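Take a look at the structure set out below.
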Amino acid sequence: MKKILLVIRAEIMKQQQHEYHSAFVYFSLLIWPIFGFLEVYYTYKPFSLTGYMGISDSRELLAFLGTGFMAYTCFWSMVQNAWSMAGQERKGGTLEIAFLSPANRLAMNYGRALGALVQEVWMFCCFCACVLVYTGAVRLQNLLLLPFIFLLLILSSTVWGGMLNAVFLFSRDAEIVMNLLDTPMTLFSGTRIPSSCFPGWAKLVSLIFPLTYCLNIIRFVLEIQEADGGWAGNLAALGVCLIVMIAITVFITRKAEGHNRKTGALQFY
């Protein structure tokens, strides 16, 4: 266990030194998600929201979008960082070293994911926490559940990012994976529009993404919206989803390593 933690720590430090070397980088990581958040908020605000989408006033809308953007930023950073890191290491000729190292492969994948999460999301999460306090979504009765929400979001986005890092191990054209996953996740997971407003086929699509269950649980705990199936049903579904993603990560990593041992190359085409 100690060796696994050391590998994760090393991956986080590597990203710290490679990607986050300037105060301007941290500023941009905070300001652009806020602009995106405000863009959507002021798009919805001029319209009458009484009863629509289960949102009754502008403060409830602010809390709804705040939780959605906070969770989405965590998951999006996993996609962006996995694609960026894999591309840079491939160009630099260091990606193959991952399979020459005795380090645990899963620890390397999840370490890369955590590196992006810790560096890119913490400031925006602080901003969203201020939004939730301002809107009154954080109350005394649910204050003790906030660490649970944070850990749930960290765990889910890390597993998601680890799976994507495994995919990008052997894909030279990883951008298509970003396009296939990012926009549908934004639309169907309920970051901007409640999934209850979608038709049946869209609700089925939303079940694919762990972000859907995270948002349902977070908003249920903060009493922003009722969760379909209750928090227990969403938590169980999220657990199944995470187990499936871990299994996919293990399979893809072993597949990529086996291909590399056989051919000496990571590319499958």
Side-chain angles (χ1 to χ4, degrees), residues 28-45 53-55 60-84 113-132 135 137 146 148-165 175 177-198 202-203 205-222 224-225 227-228 234 237-238 241-242 245:
S28 65
L29 292 174
L30 173 65
I31 198 67
W32 292 118
I34 291 177
F35 281 153
F37 169 79
L38 293 176
E39 177 190 8
V40 177
Y41 173 68
Y42 284 109
T43 299
Y44 287 156
K45 188 177 179 180
M53 300 191 307
I55 298 173
E60 193 170 340
L61 173 65
L62 195 62
F64 176 85
L65 293 178
T67 53
F69 263 79
M70 177 179 63
Y72 168 72
T73 302
C74 292
F75 278 77
W76 174 83
S77 69
M78 302 297 98
V79 180
Q80 175 69 24
N81 187 76
W83 170 72
S84 176
L114 272 174
L117 188 67
V118 171
Q119 301 301 332
E120 296 189 22
V121 178
W122 72 272
M123 288 183 291
F124 187 65
C125 286
C126 291
F127 167 77
C128 287
C130 293
V131 169
L132 294 177
T135 57
L146 291 183
F148 165 75
I149 290 176
F150 180 74
L151 291 175
L152 183 72
L153 198 55
I154 292 290
L155 175 64
S156 303
S157 54
T158 301
V159 173
W160 173 260
M163 183 181 69
L164 294 177
N165 273 304
E175 188 173 356
V177 180
M178 293 179 60
N179 294 332
L180 288 174
L181 294 178
D182 186 56
T183 302
M185 182 173 68
T186 307
L187 175 62
F188 296 115
S189 294
T191 58
R192 303 178 181 182
I193 304 172
S195 55
S196 58
C197 296
F198 290 122
K203 290 180 181 179
V205 174
S206 71
L207 299 179
I208 299 173
F209 302 104
L211 179 56
T212 302
Y213 309 111
C214 286
L215 284 174
N216 287 341
I217 295 171
I218 291 172
R219 287 167 177 160
F220 177 80
V221 169
L222 297 177
I224 298 173
Q225 278 195 327
D228 294 336
N234 279 277
L238 177 62
C241 191
L242 294 181
M245 287 195 298

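We're numbering straight along the sequence, starting at 1. Keep in mind it's a predicted model, so treat the numbers as computed, not measured.
- Partners of Phe209 by ring pair (Phe, Tyr, Trp, His ring centres under 6.0 Å), not counting sequence neighbours: none found.
- The nearest pair of heavy atoms linking Leu187 to Phe198 is O-CZ, 3.1 Å.
- Residues meeting the side-chain contact (heavy atoms from CB on, under 4.5 Å) test with Leu207, sequence neighbours left out: Leu204, Tyr213.
- Note: Asn216 CG to Leu238 CG = 10.0 Å, rounded to the nearest 0.5 Å.
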_Assess the residue pair Cys74 and Trp160 against the criterion (side-chain contact (heavy atoms from CB on, under 4.5 Å)); give the C-alpha distance rounded to whole Å, side-chain angles, the decisive distance to 0.1 Å, and a yes or no._
CA-CA 10 Å; Cys74 292; Trp160 173 260; over 6 Å; no
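- Distance OG/Ser189 to CD1/Ile208: 9.5 Å, rounded to 0.5 Å.
- Residues meeting the ring pair (Phe, Tyr, Trp, His ring centres under 6.0 Å) test with Phe148, sequence neighbours left out: none.
- Separation of atoms CZ (Phe64) and CG (Leu132) is listed at 12.5 Å; rounding is to 0.5 Å.
- Evaluation of the side-chain contact (heavy atoms from CB on, under 4.5 Å) rule for Met70 yields Cys125, Cys128, Leu153 as partners, not counting sequence neighbours.
- Ile149 has its side chain within reach of Val221: a pair of non-hydrogen atoms, C-beta onward, lies under 4.5 Å apart.
- Ile154 pairs by the side-chain contact (heavy atoms from CB on, under 4.5 Å) definition with Leu114, Leu117, Phe150, Thr158, not counting sequence neighbours.
- Taking every heavy atom of both residues into account, Leu211 and Ala71 meet most closely at CD1-CB, 3.4 Å.
- Checked against side chain to side chain donor-acceptor pair (under 3.5 Å), Thr67 has the following partners two or more places apart in sequence or in another chain: Arg219.
- Atom CD1 of Ile218 sits about 6.5 Å away from atom CG of Leu152, to the nearest 0.5 Å.
- For the pair Ser206 and Phe188, the tightest heavy-atom approach, listed with the atom from each and the gap, is CB-O, 3.0 Å.
- Atom CZ of Arg192 is separated from atom CG of Leu65 by 9.0 Å, given to the nearest 0.5 angstrom.
- Nearest heavy atoms, Met185 versus Trp76: CE-N, 4.4 Å.
- In this structure, the separation between CZ on Phe69 and CG on Leu38 is 9.0 Å, given to the nearest 0.5 Å.
- When all heavy atoms of Thr135 and Ala63 are compared, the pair lying nearest together is OG1-CB, 3.6 Å.
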